[in-house]
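Everything below concerns the one structure shown next.
Small disclaimer: the values here were computed from a predicted structure and weren't measured. What you see below is based on every heavy atom in this structure, not just the backbone, and it leaves out hydrogens, waters and symmetry mates. Every chain is numbered from 1 and lettered A, B, ... according to where its sequence line falls, protein lines coming before strand lines.
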Protein chains: 2
Amino acid sequence: MKATLPGATVSRLPVYLRTLAALPSTQTTCSSEQLAALAGVNSAQVRKDLSYLGSHGTRGVGYRIAELRDQIRKALGLTHDYGVVIVGAGNLGSALANYGGFAAWGFQVAAVLDADRGKVGSEVAGHEVESIDDLEAIVTGRSVSIGIIATPSWAAQEVADRLTRAGVRSILNFAPAIIDVPEGVEIRRVDLSTELQILTYHLKQQD
Amino acid sequence: MKATLPGATVSRLPVYLRTLAALPSTQTTCSSEQLAALAGVNSAQVRKDLSYLGSHGTRGVGYRIAELRDQIRKALGLTHDYGVVIVGAGNLGSALANYGGFAAWGFQVAAVLDADRGKVGSEVAGHEVESIDDLEAIVTGRSVSIGIIATPSWAAQEVADRLTRAGVRSILNFAPAIIDVPEGVEIRRVDLSTELQILTYHLKQQD
DNA sequence: TAGATTGTTAATCGATTAACAATC
DNA sequence: TAGATTGTTAATCGATTAACAATC
């Protein structure tokens, strides 16, 4: 396997993984053509992506599904569980905490934090909401490796600073703010209104 | 302005818009260098993106903030309001309905729908949850142009089919499913576990 | 004028995809 | 063998960015 995969390939691997999971369990092999159709991409792209994994399909046959699934999981680092801390116990934080898909992919919610004392102690998705004051202790003590920011925008940068100082190197930011993080920390942004605004651009184009 | 903007430019425009909004109100012009630093991109890229808009900055000075904001809004089609229907009143649907940023950018939640009769009639973010049976009537009657799918995966395709048949041409899909839509319908996917899995890839790379 | 900053070119980089030899 | 499908090449496409003339 190549030391680093192209970024576009990395972002398609999860899609392939979900596509494979949706295949009927009677099927044991799968062609790049079928995978491409289900994932909505080009079949040459599927083959190229998979070739980066050192995944060896069989010419004339296709890829063995079970083997391919394992290779993708390994490439993505999904071979063990990751502790996740959700910061912000509002509607979004609660929705995330309740998200069933977490555990299925090896993500364990280690804690749900909030700055609002009124929320601390209440229950969200089986987790007692804890105080953001304990962020550092929780990150260290519970081996948290991923932080999810579901706070208001104005609080996002400070939360990110505290997370990174505590050793978190991967952050998913749902607040509509651009956040600076030190070198070596990976941050991804999921922004609802950006998505909506991209949609409106395309709506406008159609008129 | 060019008839169509490069895709990458379209997805950066919302970021510029938010960056401009965060600038101190005493500032009236802004250089590509400053905008780039705040948005986290290259300044040549900012200038290129803005040149597509026919936006004319002033050499030696920069861009007039108010004018630039209006041009970006116009380019994105944010000059009028859009009706949005949220399908699925679970945690995620509720979080979306409660999302404050909607109205600020001209998105009006026209309805929140659910298939569960137990949820119909309950209140979510000031909206009485309505039955999914009325989807078509609501889309047509309330001029809905954007559909948000916040249902379980297995229901996502059918909801998309019903939305597009009712005339919706822009869909934001939060269900972790690949959905087929007819030509001319724009669909964007926001997938929490894909984002997390991309983060784990980078975590793995650092070890 | 001198300094600053745009708008645009041209080079580069990375991603996509058609095509096909290799081979099961 | 004949048919199917991979793995990879090479062409193409689109996006990024350094550099700088234009010009406020």
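Mapping B:Cys30 and A:Thr9 onto DNA chain C via the closest heavy atom, the residue that lands nearer the 5' end is B:Cys30. A residue-by-residue look at A:Ser51 and A:Val61 shows that A:Val61 has its nearest nucleotide of DNA chain D further toward the 5' end. Map A:Thr58 and B:Gly60 each onto its nearest nucleotide of DNA chain C; the residue landing nearer the 5' end is B:Gly60.
Atom CD of A:Glu67 is separated from atom P of D:dT6 by 14 Å (rounded to the nearest Å). Regarding A:Arg47, its CZ atom lies at a distance of 15 Å from the P atom of C:dT16, rounded to whole Å. Rounding to whole angstrom units, CD of residue A:Glu33 and P of C:dT17 are separated by 13 Å. In this structure, A:Asn42 places its CG atom 14 Å from C1' of D:dT6, rounding to the nearest Å. In this structure, CZ of A:Arg12 is placed 8 Å from C1' of C:dA15, rounded to the nearest angstrom. Nucleotide D:dT6 holds its C1' atom 13 Å from the CG atom of A:Leu35, rounded to whole Å. Between the P atom of C:dG7 and the CG atom of B:Leu53 lies a distance of 10 Å, rounded to the nearest Å. Distance, B:Leu68 CG to C:dT5 P: 16 Å, rounded to whole Å.
For the pair B:Lys204 (side chain) and A:Ala75 (backbone), a donor-acceptor distance under 3.5 Å is present. For the pair B:His80 (side chain) and B:Leu78 (backbone), a donor-acceptor distance under 3.5 Å is absent. Between the side chain of B:Lys74 and the backbone N or O of B:Thr79, no donor-acceptor pair lies under 3.5 Å. A donor-acceptor pair under 3.5 Å is absent between the side-chain atoms of A:Ser43 and the main chain of A:Ser32, judged by distance alone.
Residue B:His56 has no polar side-chain atom (N or O) positioned under 4.0 Å from OP1 or OP2 of C:dT6. Taking 4.0 angstrom as the limit, B:Ser31 places none of its side-chain polar atoms (N or O) nearer than this to OP1 or OP2 of C:dT5.
Within the 4.0 angstrom heavy-atom criterion, base atoms lie near B:Ala44. Among the heavy atoms of the strands, none lies under 4.0 Å from A:Ser43.
With hydrogens and angles ignored, no donor-acceptor pair closer than 3.5 Å exists between the side chain of A:Arg59 and the base of D:dT5.
Inspection of the A:Gln205 and B:Glu186 side chains reveals no N or O donor paired with an N or O acceptor under 3.5 Å.
Partner assigned to D:dC20 is C:dG7, using Watson-Crick or G-U wobble distances below 3.5 angstrom. Look at D:dA15: its Watson-Crick or wobble partner, with both distances under 3.5 angstrom, is C:dT12.
Across D:dT6, D:dC20, D:dC24, the shortest atom-to-atom separation from the side chain of A:Tyr63 is found for D:dT6. The side chain of B:Lys48 lies closest to C:dA10 when the candidates are D:dT6, C:dA10, C:dA18.
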